[in-house]
Amino acid sequence: MSFSKKRIPKIIQELYNKYKDHDEGTLPTYIPELSRVDPKHFSIAVVTLDGDVFTAGEDAQTFTIQSMVKPFLYGITLEKLGPEAVLEKVGVEPTGDAFNTIKLLPKSNRPYNPMVNAGAIAISNLIPGNDYHDRIVIVKEALEQMAASPLGFDISVYTSEKTMGHHNRAMAYLMLKFGILTGNPEEILESYFQACSFLVTVKDLAVMAATLANKGTNPISQTQIIQPKNVKDIICVMMTCGMYDFAGEWAYTVGIPAKSGVSGGIFGVVPGRMGIAVYSPPLDESGTSIRGIKVFQEMAQMMDLSIF
Ligand code: GLN
């Protein structure tokens with residue numbers, strides 16, 4: 001590898017300065033609480049596999065993890081049930097549609113993949129536990145191990161999403177009809193909404209990404225958290241489905257497995273090298289952070305990140 005990590009702080013600071021005043025995009029209104037955040041928030045973090053942490057901008061700013069939790073929910077089920085049991089309920093095909101698409105695979109009626117809402121709701125049903133409380137304890141523990149840090153929870157965003165989440169509710173009941181969901185849909189949605197409301201910083205996300213980049217061993221705590229074969233499945237599905245209907249262009253212009261969330265975060269996994277995260281709330285039509293995309297695209301060029 002010709003790229004020296006000594007260049008990282010300068011590169012991320014340059015990109016921070018370049019996009020600091022960029023204000024394109026809109027905040028999501030379908031979760032009202034998310035439309036109240038300050039659109040100016042902007043931070044970038046890179047964590048290398050040696051455990052070096054580099055940040056630019058307001059790196060202490062927390063935000064809800066939203067869909068960026070989906071790869072980890074998927075990871076929990078792969079670890080606890082194995083890939084065959086998970087595949088029986090959730091596919092691995094990209095949808096070419098938005099994150100909240102109400103469509104299921106022909107014949108099997110499974111959700112297309114674990115990165116769209118339908119898939120993550122079905123995955124939430126698979127996390128072992130008697131009720132949503134048991135499940136959320138498992139999710140919290142897994143996320144904190146991945147981040148090597150305790151994580152807070154945003155009760156306002158959670159309540160806001162739970163109150164307004166009828167689109168996801170519709171999807172859950174459709175999956176109940178097809179026998180994909182087997183429990184009480186309201187309890188399963190509860191687990192899903194709660195999982196989306198954990199609070200992270202860009203550093204937390206970059207550590208989580210670096211853990212995936214490091215075949216499941218957290219570079220900060222040095223603990224093996226996910227088996228390498230399951231990491232392979234997670235980042236493969238992130239590559240093909242993590243950016244929803246933007247996945248093709250993302251692969252073409254950035255070229256690393258990544259996951260976005262409607263809070264404005266994106267994290268990316270550069271296998272064998274580093275984890276990267278950007279936070280900037282204003283989104284494009286696909287629900288992806290606009291400054292996030294720009295920073296990743298330029299970083300990919302400057303640091304030769306593409307896996308292709
Ligand atoms: N909690 C959000 C939802 O279910 C997550 C969507 C996202 O971040 N893309 O709609």
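Just so you know, ligand 1 is whichever comes first in the structure, and atom 1 is the first atom listed for that ligand.
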Does anything in residues 146-156 form a side-chain hydrogen bond (donor to acceptor under 3.5 Å, both in side chains)? List the pairs, not counting sequence neighbours. none
Polar contact flag, side-chain donor to acceptor under 3.5 angstrom, T253-Q297: yes
Classify the side-chain pair E298/Y19 by whether it contains a donor and acceptor separated by less than 3.5 Å. yes
Got a list of side-chain donor-acceptor pairs under 3.5 Å for residues 69-79, not counting sequence neighbours?
| from | atom 1 | to | atom 2 | distance (Å) |
| --- | --- | --- | --- | --- |
| K70 | NZ | S67 | OG | 2.8 |
| K70 | NZ | M115 | O | 2.9 |
| K70 | NZ | N117 | OD1 | 2.6 |
| K70 | NZ | Y244 | OH | 3.3 |
| T77 | OG1 | Y74 | O | 2.7 |
| E79 | OE2 | Q227 | N | 2.7 |
| E79 | OE2 | N230 | ND2 | 2.8 |

Salt bridge flag under 4.0 Å for residues K40 and D21: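 Looking at D21 together with K40, the answer is no, because their closest N to O distance does not fall below 4.0 Å.
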Listed once per pair and sorted, the salt bridge (charged side-chain N to carboxylate O under 4.0 Å, His left out) pairs that draw on residues 24-38, sequence neighbours left out: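 The answer is E33-R36.
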Heavy atoms under 4.0 Å from ligand 1: which residues qualify? Y30, Q66, S67, F99, N117, E161, N168, Y192, C196, Y244, G261, V262
